[in-house]
Asker: 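Mind having a look at this structure? Questions to follow.
Along the sequence shown, residues are numbered consecutively beginning with 1.
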Amino acid sequence: MNVLIVDDHMIVREGLKLILENADRDFQALQASNGQEAINLLKSKTDIQLILLDIKMEKVDGIEVMRFVSSHCPEIKVIVLTTYDTDEVVKEMLTLGAKSFLLKDADSDRIIETISQVLAGNTVLSTEMAAKAFRSKNDAIVSNARLTERQQDILDLLVAGFRNKEIAEKIFVSERTVKNELTQIYNQFGVSSRSEAVAFAFKYGLVTE
């Protein structure tokens, strides 16, 4: 499995590469020292499945890379490498489809566990990151959120990492129905992506399982 590590510090890239190489899974680490190198790699290689992405880089930053991924290869999962980021940056990265945030000094067990969860289809967010994403959210939006029983079932399955087709099969409805219900959930939460919806659900205790 090809994993692209994008960071402007060689010591960070080499450290992550070593962790991946020592993991039980067969990870092949590719590296880029800035966003432009990452985009060039993404254009030339079609078998990258995961990106570990720094945000603050010269030339082209991580947000621009995330925008490229969102537009051109949304099937690639992205974990954001971070030290400290503003609420606006966290919110934007989630909107664009980032699946998790990892501190650069996280230990190897945490890194591999987060990667495994993300590859399994889950959005992995700490309480702090979920709070950053919705710190300024109007309380009225939260109090007015009223999910139907079906929408709650769909939200629970979404949080568990299931895709639309899988959700449809589990609750015995069409995939189109799932998409329509998700649109209603997004509208109630004031979000526009699956990752944001999961973060919102965790922050406000809307997950029942």
Asker: Quick one: does R110's side chain get under 4.5 Å of L103's, heavy atoms only?
Answerer: no
Asker: For R67, is there an ion pair with E92 - N to carboxylate O distance below 4.0 angstrom?
Answerer: yes
Asker: Of all the heavy-atom pairs spanning Q28 and D26, show the shortest one and how long it is.
Answerer: NE2-OD1, 3.1 Å
Asker: With a 4.5 Å cut-off on side-chain heavy atoms, are F101 and T114 touching?
Answerer: no
Asker: Just verifying a value: how many Å separate I154 CD1 and Q184 CD, rounded to the nearest 0.5 Å?
Answerer: 10.5 Å
Asker: Just how far is it from atom CD of E14 to atom NE2 of H9, taken to the nearest 0.5 Å?
Answerer: 14.0 Å
Asker: Considering residues at least two apart in sequence or located in another chain, which fulfil the side-chain contact (heavy atoms from CB on, under 4.5 Å) criterion with E113?
Answerer: Q117
Asker: Can you establish whether the number of heavy atoms outside E149 located under 6.0 Å from its atom CD is more than 12?
Answerer: no
Asker: With a 3.5 Å distance limit and no angle check, can you tell me whether Q151 reaches the backbone of T148 through a side-chain donor-acceptor pair?
Answerer: yes
Asker: Between N22 (side chain only) and L18 (backbone N and O only), is there a donor and an acceptor less than 3.5 Å apart?
Answerer: yes
Asker: Hey, does L81 have a side-chain heavy atom less than 4.5 Å from the side chain of L16?
Answerer: yes
Asker: Kindly indicate, with the supporting measurements, whether the criterion side-chain contact (heavy atoms from CB on, under 4.5 Å) is fulfilled by T82 and L102.
Answerer: CA-CA 6 Å; T82 183; L102 265 177; 6.0 Å; no
Asker: Quick check: do I51 and K77 have side-chain heavy atoms less than 4.5 Å from each other?
Answerer: no
Asker: Measuring from L155:CG to L182:CG, what's the distance to the nearest 0.5 Å?
Answerer: 8.5 Å
Asker: Closer than 4.0 angstrom, basic N to acidic O: yes or no for D153 and K170?
Answerer: no
Asker: First locate atom CD1 of I112, then atom CG of L20, and finally report the distance between them rounded to the nearest 0.5 Å.
Answerer: 5.5 Å
Asker: Checking T123 side chain against S195 main chain: does a donor-acceptor pair fall under 3.5 Å?
Answerer: no
Asker: Would you please name every residue forming a ring-ring contact (aromatic ring centres under 6.0 Å, His included) with H72, sequence neighbours left out?
Answerer: F68
Asker: Among D7, I63, V65, V90, find the one that has a side chain to side chain contact (heavy atoms under 4.5 Å, CB included) with I55.
Answerer: I63
Asker: Would you say the side-chain atoms of N40 pair up with the backbone N or O of K43, donor to acceptor, closer than 3.5 Å?
Answerer: no
Asker: So which heavy atom on A160 is nearest to which on N122, and how close?
Answerer: O-OD1, 2.7 Å
Asker: Could you walk me through whether E166 and N164 satisfy the side chain to side chain donor-acceptor pair (under 3.5 Å) test, starting with their C-alpha distance in whole Å, then the side-chain angles of each, then the deciding distance to 0.1 Å, before giving a yes or no?
Answerer: CA-CA 5 Å; E166 296 169 327; N164 289 358; over 6 Å; no
Asker: Treating E181 as the side-chain partner and V178 as the backbone partner, does any N or O pair qualify as donor plus acceptor under 3.5 Å?
Answerer: no
Asker: When you check the gap from the basic side-chain N to the acidic O, do K59 and E37 get nearer than 4.0 Å?
Answerer: no
Asker: Is there side-chain contact between R150 and I171, with heavy atoms separated by less than 4.5 Å?
Answerer: yes
Asker: Cluster question for you: counting only ILVMFWY and a side-chain heavy-atom cut-off of under 4.5 Å, with indirect links fine, are I5 and M10 together?
Answerer: no
Asker: Treating E196 as the side-chain partner and S192 as the backbone partner, does any N or O pair qualify as donor plus acceptor under 3.5 Å?
Answerer: yes
Asker: Under the side chain to side chain donor-acceptor pair (under 3.5 Å) criterion, do Q152 and D156 qualify, and how do the steps go?
Answerer: CA-CA 6 Å; Q152 185 65 61; D156 291 339; 3.1 Å; yes
Asker: So how far is it from I76 CD1 to L50 CG, rounded to the nearest 0.5 Å?
Answerer: 9.0 Å
Asker: Just to verify, what does L41 make a side-chain contact (heavy atoms from CB on, under 4.5 Å) with, not counting sequence neighbours?
Answerer: L4, A32, S44, K45
Asker: Just jot down the side-chain contact (heavy atoms from CB on, under 4.5 Å) partners of D8, sequence neighbours excluded, or say none.
Answerer: D54, M57
Asker: For a 4.5 angstrom cut-off between non-hydrogen side-chain atoms, does L206 reach F189?
Answerer: yes
Asker: Short question: side chain of S193, backbone of L94 - any donor-acceptor pair under 3.5 Å?
Answerer: yes
Asker: Between Q31 (side chain only) and R13 (backbone N and O only), is there a donor and an acceptor less than 3.5 Å apart?
Answerer: no
Asker: Using the test ring-ring contact (aromatic ring centres under 6.0 Å, His included), find all partners of F162 that sit at least two apart in sequence or belong to another chain.
Answerer: none
Asker: Using a 4.5 Å cut-off on heavy atoms from C-beta on, say whether the side chain of R194 contacts that of L158.
Answerer: yes
Asker: Among residues at least two apart in sequence or on other chains, which ones pass side-chain contact (heavy atoms from CB on, under 4.5 Å) with S70?
Answerer: L96
Asker: Taking atom CD of Q49 and atom CG of L119, what is their separation to the nearest 0.5 Å?
Answerer: 7.5 Å
Asker: Hey, are the side chains of L30 and V3 touching, using non-hydrogen atoms and a 4.5 Å cut-off?
Answerer: no
